[in-house]
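Just below is one structure, and these are the notes that go with it.
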Amino acid sequence: MISELIRKTEIQAAKRLIDKAQSVAIVTHMSPDGDALGSSLAFAHYLRTLGKDPVAVIVPNRFPDFLAWMPGAGDILVYENSAQECNTILASADLLLCLDFNEPKRIGKVAEALCSSQAKKLMIDHHLHPDSFPDVTISYPDSPSTAELVFRLICAFGDFDCISLPVAECIYTGMMTDTGNFSFNSNHVDTYNIIAELVRIGIDKDSIYNLVFNTYSADRMRLMGYCLYRKMQIFPEQHTALIALDRHELYRFNFTSGDAEGLVNLPLQIKDIYYSVFMREDKDKIKISFRSQGDRPVNEYASLFFNGGGHKNAAGGENYETVEKAVALFTSTFKDYFNK
Ligand code: 5GP
Ligand code: MN
C-alpha cells in the first residue's frame, strides 16, 4: 500500500488544469539531471496517452549523454539551441508544467518566456520554498524525488493504467538518481512499494543502473583520479573536503557536460568527512555543489554566500568572480557554519 501524500484539493486543481488543456509544454531546471528529465519525460508520455497534443519538453541547456537513452529524450528541445521555437511554444501552450524546480531563477533564460506566458502553470516539485508564480503548486520537500510525486499524482488521477513501460522507466530513473541509487533520502517504505509497481510494469532496474552509472568516458575517470589525488583539500576539524577546478584543468580532460556529475559525492566516502564542496569554472560563472550527511544543512550557507540554495544535504550555488576568489570566500567563511 502506498500512502496518500498529495492533498485532495491539489489533485483536483491539477486535474482541472490538465483536463482543460490541449497543448502542454513541460519545463525543467538548468543542467537537467535524472530526476528533471525523468519526471518531465514521464509526464510527457502520460499526457500523450491522454490525447494531449502537442506536448513539448523544454530544457534550458544540454543534458548529459548518460541520460540520452531515456525514452523520448530525442525529442527534447534545448532552449539554448532553439530559443525562438521554444518561445513560440511557451507563449502558445494552454498549460505549462514546471517540474523539479521551485523558482524561475533555476531555469535560466527560459524564465522570461515562462513568466510572461498567459498559459496556466502547474508546478510539481520537491525543493524548499516554492515561488508563488504557478496557478497550482504541488510541492513536497520531503519527497525524495519529483519523479515519485509524478507517480503518485498519476495514480491519484486514477490513471495507474496509463503508466506504460516508458513512463515507468523515466520515473524509476528519477527516483534512482535523486537518491544516489537509494543511498540517501530513501528510508520511506513508499519508495520501495512504488519500485515494486514499476518492476511489475516491466522495468529492468539493473539495466537502468548500468545505463546511467556505468557509462563514464576514460577522460571522466581520469578527471576523477586527478580530483582525488591532486585537488582534494581536507579540513579535518570541520570534517570537510573541497575540490575546485578551473577551466584549464577541465579542458585538459576534455570536459563535457555531465562529467562533473557525482564528483562532489566522492569525499563523503572518507571516514569522518561529512561535508563536501565541489567548484568548477563554467562559461560565465563558477558553479558550486554542496553535499553533507545527516543533520548538517548546507542549503542556508549556499544561499548566504553563493547565491544558491537547495536541499538540506544537497545544495548548489554560483559565484561570478574567479575560482581563486570563490575558494577564498569559502575558506574564510565556512568554519562558522559547518560542523556547528
Ligand atoms: P547540484 O550540486 O547537483 O548542481 O545541485 C544540488 C541541488 O542544489 C539541486 O537539486 C538544487 O536543489 C540545488 N541547487 C543547485 N544549484 C543551485 C542554484 O544555483 N540555486 C539554487 N537556489 N539551488 C541550487
Ligand atoms: Mn529532483
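Just so you know, these numbers come straight off a predicted model, no measurement behind them. Order of listing sets the numbers, starting from 1, for every ligand and every atom in it.
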TODO: Begin from the C-alpha positions of Phe101 and His29 and carry the test ring-ring contact (aromatic ring centres under 6.0 Å, His included) through to its verdict.
DONE: CA-CA 6 Å; Phe101 71 94; His29 64 75; 7.7 Å; no
Task: Residue Gln22 excluded, over 12 heavy atoms near CD under 6.0 Å - done: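 More than 12 heavy atoms, drawn from other residues, nucleotides or ligands, come within 6.0 Å of this atom.
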Open item on the list: Around atom CD of Glu4, are there more than 12 heavy atoms from other residues, nucleotides or ligands closer than 6.0 Å?
Closed with: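 Atom CD in Glu4 is not crowded, with 12 or fewer foreign heavy atoms closer than 6.0 Å.
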Task: Residue pair Thr215, Asp65: steps toward the side-chain contact (heavy atoms from CB on, under 4.5 Å) verdict - done: CA-CA 9 Å; Thr215 58; Asp65 289 343; over 6 Å; no
TODO: For ligand 1, indicate whether the residue Lys105 contacts it via side chain, backbone, both or neither (heavy-atom separation under 4.0 Å).
DONE: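 Looking at Lys105 and ligand 1, just side chain atoms fall under 4.0 Å.
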Open item on the list: Which of the protein's N, O or S atoms come within less than 2.8 Å of the Mn ion (ligand 2), not counting waters?
Closed with: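 Hits for the Mn ion (ligand 2) below 2.8 Å: Asp35 OD2, Asp100 OD1, His126 NE2, Asp178 OD2.
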Would you mind running through ligand 1 and noting each atom that sits below 4.0 Å from a heavy atom of [X]?
X	answer
Lys287	15 (C), 16 (N), 17 (C), 19 (O)
Ser289	1 (P), 2 (O), 4 (O)
Glu103	22 (N)
His311	10 (O), 12 (O)

Open item on the list: Tell me if the centroids of the rings in Phe334 and Tyr337 come within less than 6.0 Å of each other.
Closed with: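 They do not qualify: ring centres at least 6.0 Å apart.
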Identify every side-chain donor-acceptor pair in residues 275-285 under 3.5 Å, counting partners at least two apart or on other chains, and give the distances.
from   : atom 1 : to     : atom 2 : distance (Å)
Tyr275 : OH     : Asn339 : N      : 2.7
Ser276 : OG     : Val264 : O      : 2.6
Glu281 : OE1    : Arg247 : N      : 2.9
Glu281 : OE2    : Arg247 : NH1    : 2.8

